[in-house]
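Bear in mind that the values here come from a model prediction, so they are computed numbers and not experimental data.
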Amino acid sequence: MTEYGRGPGSEPWHPEDPLYGDQGWDGRQAAHGQGQYGDQQQSYPQDPYAQQHQQYQGHQQQPYDQHQQYGQQQSHQHQQQNHQQYGTPQDPYAQQPGAQPQYNGGWDTGQQAAMPYGAEPQDPYAQHPGGYDTGQDYYGTPEAYPPPQPPGRREAAPEQQPQQQQPHQQASTDWDPDQPQEETHPFFTGADDPADREPRDDDDDPDGDGSRSSRRDRGGNERRGGKGKKKSRSGCACLVVSVVLVGGLGGVGYVGYTFWQKQFGAPADYAGSGSSEQVEVEIPEGAFGYDIANILRKQGVIKSSDAFVAAQNDNPKGKLIQAGVYLLNKEMSAASAVTLMLDPKSQNAFVIPEGTRNAKVYELIDTRLKLKKGTTADIAKTKAESLGLPDWADDNPDVKDPLEGFLYPAAYPVAKGSKPEDALKRMVSRANKEYGKLDLEGSAKKLGLKTPWELITVASLVQVEGKYKHDFDKVARVVYNRLKPGNMETVGRLEFDSTVNYIKGQSTLDIGAVDDLRKIDDPYNTYKIIGLPSGPISNPGADALHSAMNPTPGPWYYFVSINEDKTVFAETNEEHEKNRREYEDGKAGQ
């Protein structure tokens, strides 16, 4: 075996020697006397200093050069394979016999090797081990990339054996637009499908083998062996798709039509005055516009709320619809419903006239709700304290009915099937609301009264005795004049016939002789007691209450009603008697 020396004193070469071919950086540096690109060696004069330096450099760089890139890429197995296949490899970088290494490092001794005449000068930096650019030709090594070629001279790279391909080598990425590309995505190649998946109805398989791979092998519109044509979609699937499309278009059209009708079309409405079926509709207080419309729609009176609101706006009196109970027909047009609700005949509300006593109110509620006579009166007597009376209501045991004066005269929705206590609560609540608007306590003190309760009692007397609104102010003054402590005309007694009628539960002008009336022992008998009765004797309205709070100044103690347009007031009893006789004579002469 031929030995390749690396300098004086070097060891013989062995195939497993990791320093094989390692002469400088990356093991690609040319040996002394040999061209950088594989030229034949040239003879130079022997340079002892260069030889000694080469020997020193070879031993000094041995442990460092073992970690270079070229030594890392060549495996032990690859070296053995080359050795067995090609024999002992020849190291192009090892020094040949007789060749002298060139001294390229160390101190400058002033002596240099002789160079034959005509030889090409050597680049002193080409083999410098520590330079940044070693001058190596990377295209001269087997591992290097080929130099770039013009596009016209490019050729396909020859196939390489798998075991000879280096890790850093990659396949060519040049793209040829004329070359059909192979599909590699799993979705198109079928690599993501389970192996045992059953073929679907829509899988086109003209070969009938049910294999996805056979379908993938066919490219474009080609068919293996020219068999058959692509199957058309199943008729059932087409029918389902058609139905879905038609249904979707129909749904979109319906939604669009509904939106157009809602935004721009006329609201849904019935025609005419409705059917023969009637319904009782209760409209609560504070309900307007859409509140009323929604109640009517739920009861089947109108078809849509928008139609009713539009009709109410079109009617000049449409905003005058008030709370109450209305008797209406079903399936009425919105305009007919508005017109009928403005007609008092349609109102089926429970109305309490001004000056009505509680006893009468109880009877009306029983009749309205079709209850046994006396049912509402018993409830009022047993549940009066739970119906919402104000704190200043008198709890005097002489009071005949604590609710008297608090069933405020108005129209109430008392629908069939409701409870009597519900109606009573609404009336008391309305009285508290109306009384709360006034300064009853301040007005009572100003007029010499003790409590708002007494002011309500005066208003109840004015409501019954006055009978006519234009007389309320003077009647109120008569009450306050008779209550004065220095009153010598009636000696502090009111002597109103209305109080006797209240006791007897009647309404008449002929109550009997005065002497007989004074014999009635009752806290409400103003012919016997001095001052006001124990409580109100009726439910006064807003006008009577206003007059009780603001009486007209005057010296009157008596009055007699001649007719609806005339009431005669007098300061003394003699004048009063004269006026009364004239009234009686005139009445008798008629």
Enquirer: Leu461 versus Leu532: any side-chain heavy-atom pair under 4.5 Å?
Expert: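 Yes; the side chains approach each other to less than 4.5 Å.
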Enquirer: Assess, by modelled atom type and distance only, whether the side chains of Tyr362 and Asp401 contain a donor and an acceptor separated by less than 3.5 Å.
Expert: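 Per modelled atom types, Tyr362 and Asp401 side chains form a pair under 3.5 Å.
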Enquirer: Crowded around Glu441 CD? As in, over 12 foreign heavy atoms under 6.0 Å?
Expert: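 Atom CD in Glu441 is not crowded, with 12 or fewer foreign heavy atoms closer than 6.0 Å.
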Enquirer: Do Ser538 and Ser460 get their side chains close enough for a donor-acceptor pair, meaning under 3.5 Å?
Expert: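 Absent: no donor and acceptor within the cut-off.
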Enquirer: Taking side chain as C-beta onward, heavy atoms only, is Met332 less than 4.5 Å from Leu296?
Expert: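 No, their side chains stay 4.5 Å or more apart.
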Enquirer: Which pair of non-hydrogen atoms, one from Gly286 and one from Asp291, has the smallest distance, and what is that distance?
Expert: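 That would be O-OD2, 4.2 Å.
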Enquirer: Which heavy-atom pair separates Arg482 from Asn487 by the least distance, and what is that distance?
Expert: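 That would be O-ND2, 3.2 Å.
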Enquirer: Could you tell me the separation between the CG atom of Leu327 and the CD atom of Gln278, rounded to the nearest 0.5 Å?
Expert: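 With rounding to 0.5 Å, CG (Leu327) is 4.0 Å from CD (Gln278).
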Enquirer: Do Glu571 and Tyr558 have a side chain donor and acceptor closer than 3.5 Å?
Expert: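 Distance-only check fails for Glu571 and Tyr558.
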Enquirer: Go through Ile352 and Tyr408 one step at a time and tell me if the side-chain contact (heavy atoms from CB on, under 4.5 Å) criterion holds.
Expert: CA-CA 7 Å; Ile352 301 176; Tyr408 195 81; over 6 Å; no
Enquirer: For Tyr290 and Ser305, which heavy atoms make the closest approach, and how far apart are they?
Expert: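 Scanning both residues completely, I find the closest heavy atoms to be CD2-CB, 3.9 Å.
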Enquirer: Between Tyr326 and Gln322, which heavy-atom pair has the shortest distance, and what is it?
Expert: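 Tyr326 and Gln322 have their closest heavy atoms at OH-O, 2.6 Å.
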Enquirer: Rounded to the nearest 0.5 Å, what separates atom CG in Leu483 from atom CD1 in Ile530?
Expert: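 Result: 11.0 Å between the selected atoms.
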Enquirer: Are the side chain of Thr499 and the backbone N or O of Asn525 linked by a donor-acceptor pair below 3.5 Å?
Expert: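 A pair under 3.5 Å: no.
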Enquirer: Do Thr376 and Val361 have side chains that get closer than 4.5 Å, going by heavy atoms?
Expert: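 Not touching, per the 4.5 Å side-chain cut-off.
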Enquirer: Will you find, in the side chains of Asn539 and Asn358, an N or O donor that is under 3.5 Å from an N or O acceptor?
Expert: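 Indeed, the side chains of Asn539 and Asn358 share at least one donor-acceptor pair under 3.5 Å.
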Enquirer: Considering only NZ, NE, NH1 and NH2 on the basic side and carboxylate oxygens on the acidic side, decide whether Glu575 and Lys578 come within less than 4.0 Å.
Expert: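 Looking at Lys578 together with Glu575, the answer is no, because their closest N to O distance does not fall below 4.0 Å.
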Enquirer: What orientation do Trp392 and Tyr435 show, parallel under 30°, tilted 30 to 60°, or perpendicular over 60°?
Expert: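 Taking Tyr435 first and then Trp392, their aromatic rings sit tilted (interplane angle of 30° to 60°).
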Enquirer: When rounded to the nearest 0.5 angstrom, what is the spacing between CD in Glu282 and CD in Gln299?
Expert: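 Output value for this atom pair is 10.0 Å.
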Enquirer: For the residue pair Val309 and Ala293, what are the closest heavy atoms and their distance?
Expert: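 Closest approach of Val309 to Ala293, heavy atoms only: CG2-CB, 4.3 Å.
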Enquirer: So, are Asp366 and Lys373 salt-bridged, with charged N and O less than 4.0 Å apart?
Expert: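 Between Lys373 and Asp366 there is no salt bridge, as every charged N stays at least 4.0 Å from the carboxylate O atoms.
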Enquirer: With no hydrogens and no angle check, is any side-chain donor or acceptor of Thr457 less than 3.5 Å from a backbone partner on Trp453?
Expert: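 Yes.
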Enquirer: Would the Phe350 and Tyr412 ring centres measure less than 6.0 Å apart?
Expert: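 No: the rings miss the under 6.0 Å criterion.
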Enquirer: Would Asp473 and Ser547 count as having a side-chain donor-acceptor pair, cut-off 3.5 Å?
Expert: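 Ser547 and Asp473 do have a side-chain donor-acceptor pair below 3.5 Å.
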Enquirer: Hey, which of His470, Lys469, Gln463 is the one that makes side chain to side chain donor-acceptor pair (under 3.5 Å) with Asp543?
Expert: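 That would be Lys469.
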Enquirer: Going through the distances and angles, do Ile283 and Val325 end up as a side-chain contact (heavy atoms from CB on, under 4.5 Å)?
Expert: CA-CA 6 Å; Ile283 304 300; Val325 177; over 6 Å; no
Enquirer: Would you say that Phe288 contacts Ile321 through its side chain, given a criterion of any heavy-atom pair below 4.5 Å between the two side chains?
Expert: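 Of all side-chain heavy-atom pairs linking Ile321 with Phe288, none is under 4.5 Å.
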Enquirer: Just verifying a value: how many Å separate Asn573 CG and Thr490 OG1, rounded to the nearest 0.5 Å?
Expert: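 Answer rounded to 0.5 Å: 10.0 Å.
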Enquirer: Output yes when Glu285 and Lys433 qualify as a salt bridge under the 4.0 Å nitrogen-oxygen rule, no when they do not.
Expert: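 Counted as a salt bridge, because a side-chain N and a carboxylate O are separated by less than 4.0 Å.
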Enquirer: To the nearest 0.5 Å, tell me how far Leu494 CG sits from Ile529 CD1.
Expert: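 With rounding to 0.5 Å, CG (Leu494) is 7.5 Å from CD1 (Ile529).
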Enquirer: Where do Phe569 and His576 land on the side-chain contact (heavy atoms from CB on, under 4.5 Å) test, with the steps shown first?
Expert: CA-CA 7 Å; Phe569 291 86; His576 169 65; over 6 Å; no
Enquirer: What pair of heavy atoms forms the shortest contact from Pro409 to Gly541, and how long is it?
Expert: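 The pair with the smallest heavy-atom distance is CG-CA, 3.9 Å.
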Enquirer: Heavy-atom distance under 4.5 Å between the side chains of Glu454 and Leu447, does that happen here?
Expert: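 Result no, sub-4.5 Å side-chain heavy-atom pair not found.
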Enquirer: Determine whether Asp378 and Lys383 satisfy the following criterion, salt bridge (Lys or Arg N to Asp or Glu O under 4.0 Å), listing intermediate values before the conclusion.
Expert: CA-CA 8 Å; Asp378 293 340; Lys383 297 183 178 180; over 6 Å; no
Enquirer: Is there a side-chain contact between Ile511 and Tyr527 in this structure, where contact means two heavy atoms from C-beta onward sitting under 4.5 Å apart?
Expert: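 Yes, close enough: below the 4.5 Å cut-off.
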Enquirer: Can you confirm whether Asn579 sits close enough to Glu574 that some side-chain heavy atom of one is under 4.5 Å from a side-chain heavy atom of the other?
Expert: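 With C-beta onward as the side chain, the pair stays apart.
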Enquirer: Counting N and O atoms only, with roles assigned by atom type, does the side chain of Ser443 sit under 3.5 Å from a partner on the main chain of Asp439, one being a donor and the other an acceptor?
Expert: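 Checking the backbone N and O of Asp439 against the side chain of Ser443, a donor-acceptor pair under 3.5 Å is found.
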Enquirer: For Thr339 and Ser336, test the side chains for any donor-to-acceptor distance below 3.5 angstrom and give the result as yes or no.
Expert: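 No.
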Enquirer: Using a strict threshold of under 4.0 Å (side-chain N to carboxylate O), is an ion pair present between Arg297 and Asp306?
Expert: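 No salt bridge links Asp306 with Arg297.
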Enquirer: Is Glu280 salt-bridged to Lys330, going by a charged N under 4.0 Å from an acidic O?
Expert: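 No, this pair does not count.
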Enquirer: Is Lys360 salt-bridged to Glu404, cutoff N-O under 4.0 Å?
Expert: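 Here Lys360 does not pair with Glu404 in a salt bridge, since their nearest N and O are not under 4.0 Å apart.
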Enquirer: What do the steps show when you test Asn501 against Ser507 for side chain to side chain donor-acceptor pair (under 3.5 Å), and what is the final call?
Expert: CA-CA 6 Å; Asn501 287 332; Ser507 295; 5.7 Å; no
Enquirer: Would you find more than 12 non-hydrogen atoms of other residues, nucleotides or ligands less than 6.0 Å from Glu385 atom CD?
Expert: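 Open: at most 12 neighbouring heavy atoms sit under 6.0 Å from CD of Glu385.
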Enquirer: Between Arg430 and Glu434, does any NZ, NE, NH1 or NH2 come within less than 4.0 Å of an OD or OE carboxylate oxygen?
Expert: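 Looking at Arg430 together with Glu434, the answer is yes, because their closest N to O distance falls below 4.0 Å.
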Enquirer: When you check the side-chain N and O atoms of Ser534 and Asn396, is any donor under 3.5 Å from an acceptor?
Expert: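 Not at all, the side chains of Ser534 and Asn396 share no donor-acceptor pair under 3.5 Å.
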Enquirer: Which distance, rounded to the nearest 0.5 Å, do you find between the CG of Leu328 and the CG of Leu340?
Expert: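 If we round to the nearest 0.5 Å, Leu328:CG and Leu340:CG are 5.5 Å apart.
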Enquirer: For Phe559 and Val568, what are the C-alpha separation, side-chain angles and deciding distance, and is it a side-chain contact (heavy atoms from CB on, under 4.5 Å)?
Expert: CA-CA 5 Å; Phe559 63 92; Val568 180; over 6 Å; no
Enquirer: Would you say Lys528 has more than 12 foreign heavy atoms packed within less than 6.0 Å of its NZ?
Expert: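 Yes.
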Enquirer: Quick one: do Arg518 and Glu495 make a salt bridge, cutoff under 4.0 Å?
Expert: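 So Arg518 pairs with Glu495 through a salt bridge.
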